[in-house]
Amino acid sequence: MKQNSVRLALLFLTTGLVILFLINISVGSVSIPLMEVIKALFTNTGTNADILWQFRLPKAITCVLAGSALATGGLLMQTLFRNPMAGPDVLGLTSGSSLFVATLLMAGRYGSSIGNLVQNPWSVAFAASLGGAMVFIIIISIARYVRDNTSLLIVGLMISAATSSIVSVLQFTSQADDLQTFMIWMLGSVGSTNWYELTVLGIVISIGFVISISLIKSLNGILLGESYALNLAINIRRTRILIVITTGMMVGVVTAFCGPIAFVGLAVPHLVRLLLPTSNHKTLLPAVMLGGAMLLLICDVIAQLPGRTQVLPLNAITSLIGAPVVIWMVIKAKRISV
Amino acid sequence: MSDSATIALQTTNLEVGYKKNNQNHVLFEPLSLALNQGELVCFMGSNGIGKTTLIKTLAGIQPPIAGKVTRNYSTAIVLTDKISGSLMTVRDLVTYGRYPHLNWWLKLNDEDRQLIENAIRKVHLESIADKQLSQLSDGQLQMAMIAKALAQDANILLLDEPTAHLDLNNRVEIMNLLRLLARETNKTILVATHELDLALQTADKIWLATQDKKIVTGIPEDLVLDGTFDTVFQLKGFDLKTGKISHAPYRKTLVQVEGSGPEYLWTKNALERNGYELEADAPTIIRILTLSDKINWELTHNNINTKFNSLAELLRALRN
């Protein structure tokens, strides 16, 4: 791709993100006109300012962080496995995080020290990241033996199913109010993060972004396969470990605070490649970060059902958008690649 | 090639292979081989004998089981591995050649750009430099891979079956390019290939993997004449010494052909293919007449002269 068209596309995505962000914070059960939004942001007084600072801004920022983190995780996984069907939810990373979060939630009942841990966003984030990374390691070890796309996908689905069933067992033994908390969490939500959790989310995801960007050269190298990469002095082993840690961390922390959000990680890299047909991560990575944030902002706007008081579960919307993308990918499978 | 040729790559008691169930599978007897600078070496041997493994070990991307490889220069490779990233353009792929010299942000300087464009020009892909790899033919893709290796600006090129699955034209083009690179830029080139005829006509030296796990080396002609090729390939119906498929004459007619140049060679080919035996003073005579770009064949049989415009007509007449 020519350098200029890349710049133009990235500019287009950035502008889109800003516009979507403003739309996102202006819609909800109470609609706030755009001018009011901007005024409230700066004056910081009145009901509108309260709504914005306490609810809408944390939610919109969560959308941006979570969307770009999941999409980045998806891109890293698709590149690592050189498989277009890879993604954090398809290959069971989010289920792994769910399992660890569920374990922590339910275990909180049995000891006050663990109970304190549950209250601490850092420990929840850590548990979720650990869960995601562990599933990732399992998938990587199995991926050595299964080379084709479909098999890896089936393995991922199986691991998802297995971890989900352990979560079900935990649910069965838990008490009603825990169960409700957990069920709501499972539906996915970006609206329940407070500023402290948002800080944790922001720090962890920023670290993830910095590592991902530092890996641009290695990620490109992986596309050529291990032998070529080694000949080009690229350290594949180190890259693989860093991808596991980064993806596990980013997907884990998002899952911990927003629940298992489906399809964003899988779909965004493909949607971005439609706009920017390139396999150079120097272009793809920032574009995917912007695209992921945009997609989750859109999904959240739709979930708000503007003008009404009900809110749809976020996962329902991401799936509604994601499922057709996957079907389209399978149909065009011959032309889809990493 | 002068006798004072400098060694570019050398192996000392090298054992290559792989580990399986904690056991080493060594593919060849300990190898002590050398590649000289500016030399085009064709590495031949039957499928699965371990050519790829040796090439990867020479390139340093697979550890040897024992012994060592000494590389006096940097090494670039072209393998048969499938690459991902079909949205990648030819130029993107060639840019990979500069990766060992680039920082994490992949910033190219003028020298890098120069080397990339030169490499693309060398393989004649300028017109499709911005095309995506998925739109290339097999031959073009292979050329792009070679360009990537050239952009690495390495003195040693190791290629694993670069001509596999290509048509004759592309095979010849690639071998010619490699020969040119060895001559002009003094690169050391090792090519694993199955193309016996091409290897015999282009290689400075042949490495021949034998069934008893050795690698015999020598210039092509020596290996042909001492029968090494015959024992390795156990050729069926291909006469290596004449470079042709051997035909046993099955017709009784002896013919003599008068003529020269390619017309003579192809007339001979047509006759032998159809079971005639050529002899210097046979009663049946075929004269090749070339007059102003037009070729005619005059057949003298039982003192009757007949003229033909094509070999097909001549063969039809001979049969009757």
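Each chain gets a letter, A, B and so on, in the order its sequence line appears, and its residues count up from 1. As a basis for the values below, the full set of heavy atoms in this structure was taken, side chains included, without hydrogen atoms, waters or symmetry mates.
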Discussion item. Would you say CE of Met175(B) has more than 12 non-hydrogen atoms from neighbouring residues, nucleotides or ligands within 6.0 angstrom?
Written reply: yes
Practice prompt. Using a 4.5 Å cut-off on heavy atoms from C-beta on, say whether the side chain of Leu224(A) contacts that of Met88(B).
Written response: yes
Worksheet, complete the sentence: For Leu87(B) and Thr278(A), the nearest pair of non-hydrogen atoms, with its separation, is CD1-O, 3.6 Å
Worksheet entry | Portion of Asn231(A) that has a non-hydrogen atom of chain B nearer than 4.5 angstrom | both
Practice prompt. Might you confirm whether atom NE2 of His25(B) has over 12 heavy atoms from other residues, nucleotides or ligands at distances under 6.0 Å?
Written response: yes
Practice prompt. Output the option from Ile77(B), Thr75(B), Thr95(B) having the highest count of non-hydrogen pairs under 4.5 Å with chain A.
Written response: Ile77(B)
Worksheet item: Which answer fits Gln132(B), side chain, backbone, both or neither, if we ask what part of it has an atom under 4.5 Å from a heavy atom of chain A?
Response: side chain
Discussion item. For the OG atom of Ser227(A) and the CG atom of Asp81(B), what is their distance to the nearest 0.5 Å?
Written reply: 4.5 Å
Worksheet, complete the sentence: Turns out that what part of Ile234(A) lies under 4.5 Å from chain B's heavy atoms comes down to side chain
Item to complete: Look at atom CD of Gln23(B) and say whether more than 12 heavy atoms of other residues, nucleotides or ligands are closer to it than 6.0 Å.
Response: no
Worksheet entry | Per-residue contact mode, Lys82(B) against chain A (heavy atom under 4.5 angstrom) | backbone
Discussion item. Tell me whether the count of non-hydrogen atoms from other residues, nucleotides or ligands lying under 6.0 Å of NZ in Lys282(A) goes above 12.
Written reply: yes
Worksheet, complete the sentence: Value for CD (Gln78(A)) from OG (Ser84(B)), rounded to nearest 0.5 Å, stands at 11.5 Å
Worksheet item: If you count heavy-atom pairs under 4.5 Å between each of Ile213(A), Leu215(A), Asn220(A) and chain B, which one has the most?
Response: Asn220(A)
Response to the item:
Contact list (residues 99-121 of chain B to chain A, heavy-atom gap under 4.5 Å, by number) returns Tyr99(B), Pro100(B), Leu102(B), Asn103(B), Trp104(B), Trp105(B), Leu106(B)
Worksheet item: Got a donor-acceptor contact below 3.5 angstrom from the Tyr96(B) side chain to the Leu232(A) backbone?
Response: no
Worksheet entry | Atom of Leu79(B), atom of Tyr228(A) and distance for their closest heavy-atom approach | N-OH, 2.6 Å
